[in-house]
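Take a look at the structure below.
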Protein chains: 2
Amino acid sequence: MRVTIKDIAKEAGVSITTVSRVINNKTEGVGEETRERILKIIDEKGYTPNYIARGLVLKKTQVVGVIIPDIMNPFFPEIIRGVEDTAAKHGYNIILCNTDSKWDKEKEYIKLLIDKYVDGIIYTGSMQSDRENIEELMDSSIPFVFLDRFVHVDGASYVCDDGVAGMYEMVSYLIEEGHRNIAYISGARESSTARDRLEGYKKALIDHGIPFNPELVVHGDYKMSSGKLGMGELLKLPYQFTAVACANDLMAVGALDTLHEKGIEVPKEISITGYDDIYLAGMTYPKLTTMAQAKYSLGVQAMKLLVELMDGKSTGAEEIVLRPRLVVRDSVERRRI
Amino acid sequence: MRVTIKDIAKEAGVSITTVSRVINNKTEGVGEETRERILKIIDEKGYTPNYIARGLVLKKTQVVGVIIPDIMNPFFPEIIRGVEDTAAKHGYNIILCNTDSKWDKEKEYIKLLIDKYVDGIIYTGSMQSDRENIEELMDSSIPFVFLDRFVHVDGASYVCDDGVAGMYEMVSYLIEEGHRNIAYISGARESSTARDRLEGYKKALIDHGIPFNPELVVHGDYKMSSGKLGMGELLKLPYQFTAVACANDLMAVGALDTLHEKGIEVPKEISITGYDDIYLAGMTYPKLTTMAQAKYSLGVQAMKLLVELMDGKSTGAEEIVLRPRLVVRDSVERRRI
DNA sequence: CTGTTAGCGCCTTCAG
DNA sequence: CTGAAGGCGCTAACAG
């Protein structure tokens with residue numbers, strides 16, 4: 001059987017109240033000698049308080065829920081690591097929930113987490129995470145922060161990547177390297193991040209005096225296979241292009257694959273760029289030039305924000321937007337104009 | 001405020017015991033009408049039981065702890081997904097803990113998890129996870145299973161990959177493809193999986209009448225950089241070889257990188273093989289021929305075993321060893337003998 | 001079929 | 001400086 005506060009109290013010949021006081025460092029209310037005696041016994045018996053019992057009265061479990069689409073998506077492990085490290089630093093554990101971006105799974109997990117009395121929730125929802133889920137969260141009065149999703153909900157905090165600025169920088173780089181005809185493989189239309197990046201692409205073009213040709217953009221779904229297909233489509237177009245910007249690395253890898261198959265040399269004939277800088281971007285051939293999202297940092301910031309909310313130090317409605325960083329590797333070749 | 005069992009009882013004009021009975025589907029002990037009336041009120045008020053309170057009396061939290069080295073290691077996400085899916089299916093949530101294989105971090109997490117009353121633990125420890133940690137686990141009387149670690153502890157269950165058989169198959173394949181001089185990039189000497197795979201390599205050689213030459217094996221640490229370095233070392237050797245078997249995919253990618261740099265063609269001049277089949281294995285150039293560990297399944301099996309233990313349906317000491325599967329892609333070329 | 005009573009382990013007034 | 005008593009929300013004998 002586990003040692004409880006009662007055992008310690010009996011052993012020390014005091015009441016559990018007194019023991020409770022020393023456990024919780026209530027500076028006043030306990031004599032120095034008593035305190036030390038109790039501390040010694042606690043140490044000897046290896047007593048540590050039971051979080052469940054404590055949680056019941058304090059309504060605090062030191063656990064937060066983290067809801068994401070899928071940990072197998074290479075974009076998430078680093079984020080989760082950032083969250084976990086930060087959580088641990090502040091005395092929290094994380095419960096991981098994979099939803100595959102399914103609305104009903106999200107709903108179920110949110111309920112469960114609330115019932116399990118988590119102290120807070122980090123939520124990377126599906127694109128159309130229905131109002132219902134969000135309202136459930138708001139109603140629960142449990143602090144939460146959106147991660148990697150730009151969501152306008154009154155009083156809700158979020159942290160995400162600046163996709164517009166990021167893709168703008170990427171495409172501008174391509175232009176500076178002498179490219180004029182730049183195709184684009186986008187993410188799904190419903191995805192807010194995909195929309196942002198597409199916007200960055202257009203903007204960069206226009207700002208540099210290059211007309212935007214909608215036919216040069218094809219839509220994928222952020223998966224490798226769609227990049228592969230997308231590249232195939234582009235190749236059939238009656239347009240010339242010297243570079244293809246992809247909305248994420250996975251699709252860029254797919255594009256690379258198609259190019260390898262067709263015997264088209266990268267970057268000699270066509271330059272390719274990615275976005276995210278998942279670790280595999282440095283392992284392809286050629287290595288991918290891409291925009292590095294501050295993934296770990298994204299997780300850290302989200303958790304920090306959540307801690308503030310849980311501590312009541314922030315009242316919500318904070319917005320943190322992280323700028324990605326250009327990583328130049330080998331998939332882009334300079335063109336003479 | 002959250003609705004509690006008390007609210008429901010009052011509303012229904014019954015005692016909380018009765019409500020508790022219907023919540024827990026105690027078939028007997030409640031009249032049909034009463035039951036329905038209560039059910040209706042529960043539904044209306046949206047009541048769901050508080051797991052913390054329940055946990056306190058039942059000593060059951062429906063949460064399990066999962067301790068791994070690092071979720072950023074591409075080997076783990078799929079495993080974790082298998083664990084989580086299976087856990088969810090059985091009504092459990094998982095608390096994720098990253099230890100970086102640090103002995104003290106593991107220790108801390110184990111303590112914490114015990115204090116938080118998790119119902120079970122899945123443990124992928126460091127190679128030399130000291131006896132102390134394991135004893136702490138055993139003493140706690142919390143069910144646990146080792147994952148991806150072959151550990152001989154009386155009464156402990158584990159599930160892992162058959163590294164000996166796996167690498168044996170890989171190297172045999174190479175031999176069948178006509179290779180006779182096969183170098184090897186191994187994992188760290190302390191790692192049990194690395195030892196197993198190395199053994200499989202030797203055994204395959206010997207069984208096919210090829211002498212084992214220790215100078216043809218270099219030791220890495222499972223990371224890409226060490227594969228890159230290892231390949232460099234091998235190239236300096238005064239020996240000929242037509243193939244290099246790597247103890248995992250990451251190192252194989254590193255080896256590939258060195259070969260690209262030196263302008264040595266793969267698989268034309270040198271064939272390369274990996275192990276694990278992390279998702280990036282299908283994205284390199286050329287695509288890696290490798291042994292696919294049943295990662296998702298590893299997670300599923302571990303969790304299933306844990307559930308059995310928690311349900312008291314198994315008394316421990318189960319051992320599950322999963323066979324990996326050969327995945328032939330493009331990094332090996334047939335040789336004429 | 002239903003209610004009463006007693007905790008689970010801990011924290012927190014309120015007395016002494 | 002310390003202890004007694006009550007309660008967090010729920011389950012589990014034990015009585016009616």
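Throughout, protein chains are lettered first and strands after them, A, B, ... in sequence-line order, and every chain is numbered starting at 1.
Taking only side-chain nitrogens and oxygens, B/K59 comes nearer than 4.0 Å to OP1 or OP2 of C/dG9. Distances shorter than 4.0 Å separate none of the side-chain N or O atoms of A/S15 from OP1 or OP2 on D/dA4. OP1 or OP2 of D/dT11 lies within a sub-4.0 Å distance of a side-chain N or O belonging to B/R54. Applying the 4.0 Å criterion to OP1 and OP2 of C/dG3, one finds that B/T18 has a side-chain N or O inside that range. For A/N50 and C/dC8, the shortest distance from a side-chain N or O to OP1 or OP2 is not below 4.0 Å.
A salt bridge does not link A/D85 to A/K89: none of the charged nitrogens lies less than 4.0 Å from a carboxylate oxygen. Note on B/D70 versus A/R81: salt bridge recorded, some NZ/NE/NH1/NH2 to OD/OE distance being below 4.0 Å. Salt bridge present: A/K40 and A/E44 bring a charged side-chain N and a carboxylate O closer than 4.0 Å. Salt bridge annotation for B/E11-B/K45: present, with a cationic side-chain nitrogen under 4.0 angstrom from a carboxylate oxygen.
Within the nucleic acid shown, A/I16 comes within 4.0 Å of at least one base atom, counting heavy atoms only. Nucleic acid contact class of A/S20 (heavy atoms, under 4.0 Å, all strands): base.
Remark: C1' of D/dC10 and CD of B/Q62 are 14 Å apart, rounded to the nearest angstrom. Rounded to whole Å, the distance from NZ on B/K6 to P on D/dG9 is 7 Å.
Contact of B/T17 with C/dT4 (side chain to base): a donor-acceptor pair of N or O atoms is detected under 3.5 Å.
Ring geometry, B/F146 versus B/Y123: the interplanar angle falls from 30° to 60°, so the pair is classed tilted.
When the C1' atoms of four end pairs are superposed on the next four at each end of the helix from C/dC1-D/dG16 to C/dG16-D/dC1, using five pairs per end, the two resulting axes differ in direction by 40°, to 10°.
Distances from the side chain of B/I5 to the nucleotides D/dT11, C/dC11, D/dT2 place D/dT11 closest.
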